[in-house]
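A short worksheet on the structure shown next.
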Amino acid sequence: MILGRERLDAAPVACAGLLVIGDPHVSSRRPGRRKDPDWPAPVLNKLEHCIALANARDLAPVLLGDLFERPVEPDESLKSRLIRILKGFRHRPLANVGNHDIRHTRLSDGDSLAMLAVSDVLDAVPESGPAALYAVAGRRLGLGATPFGQAIPPDVRGLIPQADAVVWLTHHDLAFGAGYPGAKPPEAIHGCALAINGHVHKRHAPVQVGETRWFNPGNITRGSVDLIAHIPAVFVLAGDLALTEERLPYVADVFDLTGRQVAADASPEAIGRIESAFVSLLQAETATDLARSDDGALIREEIEAKFLRDATPEPVRAAIRSLVEAAVARRGT
């Protein structure tokens, strides 16, 4: 179901711990440079492994967002398979809402995640706030969540008065370590001992900010070549808030590394320069057989790299990204 205060008003969910699952990005489209012949089997297999782990150890699963790669997954067969898989959890999963899960600013009935929620396959958290209460090893853990695009609360004291400790899920552009343009460093949340972030694809070591320990576990699905060294894993959260890594089965060699760079175009004007690059990259895609990328990730990869090389102004980047999205959408119809 889509949560209001239903879980908080009910008795605490008794379990041995929580199973924290990073963004799965389930999709019928094989991402980017992945060369798996049987996509989306790898990500579905990881979710099935999560079920076996959770049920064997009596863990309640929580998803950090981006269960889906696209807000509306068109493959009905895939959604049916995913429903059967998620029903296998002994404890019903709770899912934060990621940017890939929504077409608009909030989760709506037209989104595939909402369909799973109203079908009682999982509980989704569409609005920032308290979400659930768990009884773990004699302690009551209060769980809150803030979906993508909503403000992370600076103070959660008193929001879950029944809890001995509060854990908060987020799905935001947060800078762990060096970060990247537009990312903001995590800030302390008063009354929150542990905050766990989705959205940032790579794992980052926990950082202490005031009274809040922040952790970014990274995706369970390596969708882009920059994650080539990332080891897919989930994390078990104990009653004392200790996190233990549980690695998922994966194949190391899954990326086609053909043709990583396209020569820079020296056009003097920014828009002309990028337009020329756009045409060149489309030609390169055909020449190097990069069109096998179902979701257009390869052409996006090269364009984003050129944006960085040329310090392309953001308005120009937005215009080119829009053209790419339109081209990918036409190819998918």
Side-chain angles (χ1 to χ4, degrees), residues 1-8 12-13 15 17-25 50 54 59-68 86 89 91-102 106-107 113 116-117 122-134 136 140-157 159-160 163 165-174 176 183-184 186-201 203-204 206-207 209 211-220 233-239 241-243:
M1 67 178 70
I2 297 178
L3 289 173
R5 291 185 56 87
E6 291 85 353
R7 279 216 188 186
L8 288 175
V13 177
C15 57
L18 306 185
L19 185 66
V20 180
I21 304 171
D23 312 12
H25 286 277
C50 290
L59 305 173
V62 295
L63 295 152
L64 298 181
D66 287 350
L67 173 58
F68 287 101
L86 294 174
F89 282 109
H91 298 288
R92 183 156 59 189
L94 184 145
N96 197 11
V97 177
N99 55 307
H100 284 259
D101 294 318
I102 51 177
R106 295 289 192 276
L107 186 67
L113 179 63
L116 297 188
L122 52 74
D123 291 337
V125 185
E127 299 291 337
S128 180
L133 188 66
Y134 299 91
V136 183
R140 291 168 298 175
L141 300 185
L143 187 72
T146 299
F148 176 82
Q150 300 181 32
I152 300 172
D155 192 336
V156 299
R157 289 173 293 188
L159 291 184
I160 313 178
V166 172
V167 177
W168 210 266
L169 308 182
T170 62
H171 193 95
H172 287 64
D173 290 318
L174 298 180
F176 291 84
K184 297 180 179 180
E187 298 180 352
I189 302 175
H190 296 298
C192 174
L194 175 66
I196 308 176
N197 189 55
H199 189 58
V200 178
H201 294 177
R203 185 184 315 162
H204 291 275
V207 295
V209 186
E211 64 188 277
T212 308
R213 180 165 55 110
W214 279 91
F215 179 51
N216 190 98
N219 292 9
I220 66 167
V234 291
F235 287 80
V236 176
L237 177 64
L241 303 187
L243 286 160

Please confirm whether the backbone N or O of [Y] pairs with a side-chain atom of [X], one donor and one acceptor, at under 3.5 Å?
X      : Y      : result
Asp66  : Asp23  : no
Asn197 : His172 : yes
Gln150 : Pro126 : yes
Asp101 : Leu113 : no
Glu211 : Gly191 : yes

Can you name the nearest heavy-atom pair linking [X] to [Y], along with the distance?
X      : Y      : result
Leu141 : Ala238 : CD1-O, 3.9 Å
Pro24  : Leu63  : CG-CD2, 4.0 Å
Ala145 : Asn96  : CB-OD1, 3.8 Å
Ile160 : Gly144 : CD1-N, 4.4 Å
Leu64  : Gly22  : CD1-CA, 4.1 Å
Ser128 : Pro153 : OG-CD, 3.9 Å

query: Which residues satisfy the side-chain contact (heavy atoms from CB on, under 4.5 Å) test with Ala193, sequence neighbours excluded?
result: Leu241

- request: List for me each residue that meets side-chain contact (heavy atoms from CB on, under 4.5 Å) alongside His91, sequence neighbours excluded, and say none if there are none.
  value: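 Only Val13, Cys15, Asp58, Ala60, Pro61 meet the side-chain contact (heavy atoms from CB on, under 4.5 Å) criterion with His91.
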
For a 4.5 angstrom cut-off between non-hydrogen side-chain atoms, does [X] reach [Y]?
X      : Y      : result
Trp214 : Glu187 : no
Leu237 : Tyr134 : no
Ile152 : Lys184 : no

Exercise: do His199 and Asp173 side chains pair donor with acceptor under 3.5 Å: yes

- request: Assess the side chains of Asn99 and His171: does a donor N or O sit below 3.5 Å from an acceptor N or O?
  value: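 Yes, because at least one side-chain N or O of Asn99 sits under 3.5 Å from a partner of the opposite role on His171.
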
Using 0.5 Å steps for rounding, measure from the [atom1] atom of [X] to the [atom2] atom of [Y].
X      : Y      : atom1 : atom2 : answer
Leu59  : Leu18  : CG    : CG    : 8.0 Å
His25  : Ile220 : NE2   : CD1   : 9.5 Å
Asn219 : Arg203 : CG    : CZ    : 11.0 Å
Trp168 : Leu159 : CH2   : CG    : 5.5 Å

task: Apply side-chain contact (heavy atoms from CB on, under 4.5 Å) to the pair Val236 and Leu19, showing each step before the final yes or no.
output: CA-CA 5 Å; Val236 176; Leu19 185 66; 4.0 Å; yes

query: Please walk me through it: do Leu86 and Leu116 pass side-chain contact (heavy atoms from CB on, under 4.5 Å)?
result: CA-CA 9 Å; Leu86 294 174; Leu116 297 188; 3.9 Å; yes

query: Step by step, would you call Val166 with Ile189 a side-chain contact (heavy atoms from CB on, under 4.5 Å)?
result: CA-CA 10 Å; Val166 172; Ile189 302 175; over 6 Å; no

message: If you apply the rule side-chain contact (heavy atoms from CB on, under 4.5 Å), what do you find for Leu194 with Ile196, and how did you get there?
response: CA-CA 7 Å; Leu194 175 66; Ile196 308 176; 4.0 Å; yes

task: Assign the ring pair Phe176 / His204 to parallel, tilted or perpendicular, where the plane angle (0 to 90°) is split at 30° and 60°.
output: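 The rings of Phe176 and His204 lie parallel, inter-plane angle below 30°.
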
